[in-house]
Amino acid sequence: MIDPFGRCINYLRVSVTDRCDFRCVYCMSEDMTFLPKSEILTLEELDRVCSAFIRLGVKKLRITGGEPLVRRNVISLFDGLGRHLRSGDLSELTLTTNGSQLGKHAGPLYRAGVRRVNVSVDTLDGAKFAAITRWGKLEKVLEGIAAAKDAGLAVKINTVALKGVNDDELDRIIEWCGEEGFDMTIIEVMPMGDIGGEMRLDQYWPLSMVRAELQKRWTLEDTDYNSGGPARYTVVKETGRKLGFITPLTHNFCELCNRVRLTCTGTLYMCLGQKDAADLRTPLRQSDDDDLLIEAIREAISRKPKGHDFIIDRRSNRPALGRHMSVTGG
Ligand code: SAM
Ligand code: SF4
C-alpha cells in the first residue's frame, strides 16, 4: 500500500481493548467510561481485519490497547495471527503492554511467534509506580518482565519522561536496562484525552532537554537505525544498549511514517495526531468475504495525511486531541 505521499504503509498497530488494569495519570482519568461490548470487534473480527491488512502488504503488526493482555482469550488472537509468520507473509508480531499480566502470558506469546515486547515502566520506585499508575504494582510488572526474558522474548522498556516525577531516575533506568540487556525508549508526554486536571502541562519535559541532561553522564552515539516511526535511536556507549527518543510533537518523522492504527471498534486512524478516521467495522460486518473491507482500507490509505497538528495549547489548557492514548494505543 502506497499513500498519496509515496510512503509505503507496512505497519499496523491494533488496539484490542480500551480497558486497562492501570490508570496511569497521563493516560486515563480514574473513572473512565469504557465502550460497550457490542461496539468492540470480536477476536475473530480482529483476526479478519489484520489478515486483510497483511494481504495488502502489512509486514509488521503490533498489538496494543488499553492493556492488550487484559482482553479475555487474547492469546488465541496471537495464536491465530502466528500463521502469517509461519507463511512468511508477516515479518513481525509484537505487543506493547504494561507488563502486569506478562507472568502468565510470556510463554504462550513466545509459542505464538512473538519475539519482542515493549513494556512500559516509568519508574523503578514502588511508591512512585503506584502513584503514576494509580492501580499498578511494580513488583508484579518486574516479575512479568523477568518471565518475558526467561521465555526468550527481547524486552524494550518504554518510559514517559515526566518532569518533577521521574527526572531523577532516568540514569538508574538506563543502568538497569544495561544490566538486564533491554533497549529503552523515552517518550515525550503528549496532550491527548481529558484525564482530569492538567498535570501533563506541568510535567511536559521536552526530550531535547532530557537528552542534553543525559549527555552529561552518558555517551549517546547516533545511529541510522530507524523503525519508520517517531523514535530516533542512539546507542549508550557505556551499556551497549539502544536508547530511543520519541518526540511526537515534532514533525520530523512524518515523511517516513509507515503506519496506521486500528482501534478495538474497527476505526482506522491514518495519523496519531489527526481526527480523520475510517470506519472498517461496517464493511467488515456487511459481508463474509473481504472485498468491501479491502476497498475501505485502500480508500482510507488514499486519505493518509502528510503530517499532524499536535500542539500543547498552554493558553486554553486543553488537550490538542480529545481522544485518549488508550484508544489508539500510542
Ligand atoms: N497499556 C499498554 C502500556 O502501557 O504499555 C499499552 C497501551 S499504552 C496507551 C502505550 C504507550 O503509550 C505506553 O508506553 C504509555 O506510557 C504511553 N502513553 C500513554 N499516554 C500517553 C501520553 N499522554 N503521552 C505520552 N505517552 C503516553
Ligand atoms: Fe493502561 Fe497503558 Fe494507559 Fe497506563 S498507559 S493507563 S497501562 S493503557
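All values below were derived from every heavy atom in this structure, side-chain atoms included, with hydrogens, water molecules and symmetry-related copies excluded. Read the numbers this way: they start at 1 and go in the same order the structure lists the ligands and their atoms. One is the number of the first residue; the rest follow in order along the sequence.
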Stepwise salt bridge (Lys or Arg N to Asp or Glu O under 4.0 Å) check, Lys104 with Glu143 = CA-CA 10 Å; Lys104 62 172 178 277; Glu143 279 167 26; over 6 Å; no
Given Asp21, Asn98, Val25, which has its nearest heavy atom closest to atom 7 (S) of ligand 2?
->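 Result: the heavy atom closest to atom 7 (S) of ligand 2 is in Asn98.
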Selection from Val119, Val160, Asn158, Val189 by shortest heavy-atom distance to atom 17 (C) of ligand 1 =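 Checking each option, the heavy atom nearest atom 17 (C) of ligand 1 is found in Val160.
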Any nitrogen or oxygen of [X], main chain or side chain, under 3.5 Å from a nitrogen or oxygen of ligand 1?
{"X": "Thr64", "answer": "no"}
{"X": "Asp122", "answer": "no"}
{"X": "Thr96", "answer": "no"}
{"X": "Gly66", "answer": "yes"}

Are Gly65 and ligand 1 in contact, using a heavy-atom cut-off of under 4.0 Å?
->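 Right, Gly65 reaches ligand 1.
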Roughly how far, to the nearest 0.5 Å, is [atom2] of [Y] from [atom1] of [X]?
{"X": "Ser15", "Y": "Leu262", "atom1": "OG", "atom2": "CG", "value": "8.5 Å"}
{"X": "Ile63", "Y": "Thr96", "atom1": "CD1", "atom2": "OG1", "value": "9.5 Å"}
{"X": "His84", "Y": "Ser87", "atom1": "NE2", "atom2": "OG", "value": "7.0 Å"}

Would you indicate whether Glu139, at its atom CD, is surrounded by more than 12 heavy atoms from other residues, nucleotides or ligands within a distance under 6.0 Å?
->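 Counting other residues, nucleotides and ligands, CD of Glu139 stays at 12 neighbours or fewer.
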Do other residues, nucleotides or ligands put more than 12 heavy atoms under 6.0 Å from Glu295 CD?
->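 Open: at most 12 neighbouring heavy atoms sit under 6.0 Å from CD of Glu295.
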Show the atoms of ligand 1 that are less than 4.0 angstrom away from any heavy atom in [X].
{"X": "Thr97", "answer": "2 (C), 3 (C), 5 (O)"}
{"X": "Cys27", "answer": "19 (C), 20 (N)"}
{"X": "Glu67", "answer": "1 (N), 2 (C)"}
{"X": "Glu188", "answer": "25 (C)"}
{"X": "Ile187", "answer": "14 (O), 25 (C), 26 (N)"}

Have a look at ligand 1 and work out which part of Asn118, if any, has a heavy atom under 4.0 Å from it: side chain, backbone, both or neither.
->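 Answer for Asn118: neither.
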Closer than 2.8 Å to atom 3 (Fe) of ligand 2, do we get an N, O or S atom from Cys27, backbone or side chain?
->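 Yes, Cys27 qualifies, because one of its backbone or side-chain N, O or S atoms lies under 2.8 Å.
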Is ligand 2 less than 4.0 angstrom away from at least one heavy atom of Gly66?
->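 Flag set, Gly66 near ligand 2.
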Do Arg83 and Ser51 have side-chain N/O donor and acceptor atoms under 3.5 Å apart?
->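 Looking only at side-chain atoms, Ser51 and Arg83 do form a donor-acceptor pair, the distance falling under 3.5 Å.
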In terms of side-chain heavy atoms, does Asp279 have a donor or acceptor partner in Thr282 at a distance below 3.5 Å?
->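 On atom types as modelled, these side chains qualify, holding a pair under 3.5 Å.
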salt_bridge(Arg261, Asp276) N-O dist < 4.0 Å |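 Salt bridge between Arg261 and Asp276, a charged N being under 4.0 Å from a carboxylate O: no.
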Atom 2 (Fe) of ligand 2: the protein heavy-atom neighbour that sits closest, reported with distance to 0.1 Å |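 That would be Cys20 SG, 4.5 Å.
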Answer yes or no for Arg241 and Phe182: cation-pi contact, defined as NZ/CZ to six-membered ring centre under 6.0 Å and angle to ring axis within 45°.
->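 No, cation not above the ring by the 6.0 Å, 45° rule.
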Backbone N/O of Arg23 and side chain of Arg134: donor-acceptor pair under 3.5 Å |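 Indeed, once roles are kept as given, a pair shorter than 3.5 Å links the two residues.
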Heavy-atom distances under 4.0 Å are what count here, so tell me which part of Cys24 touches ligand 2: side chain, backbone, both or neither.
->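 Under 4.0 Å from ligand 2, Cys24 contributes backbone and side-chain atoms.
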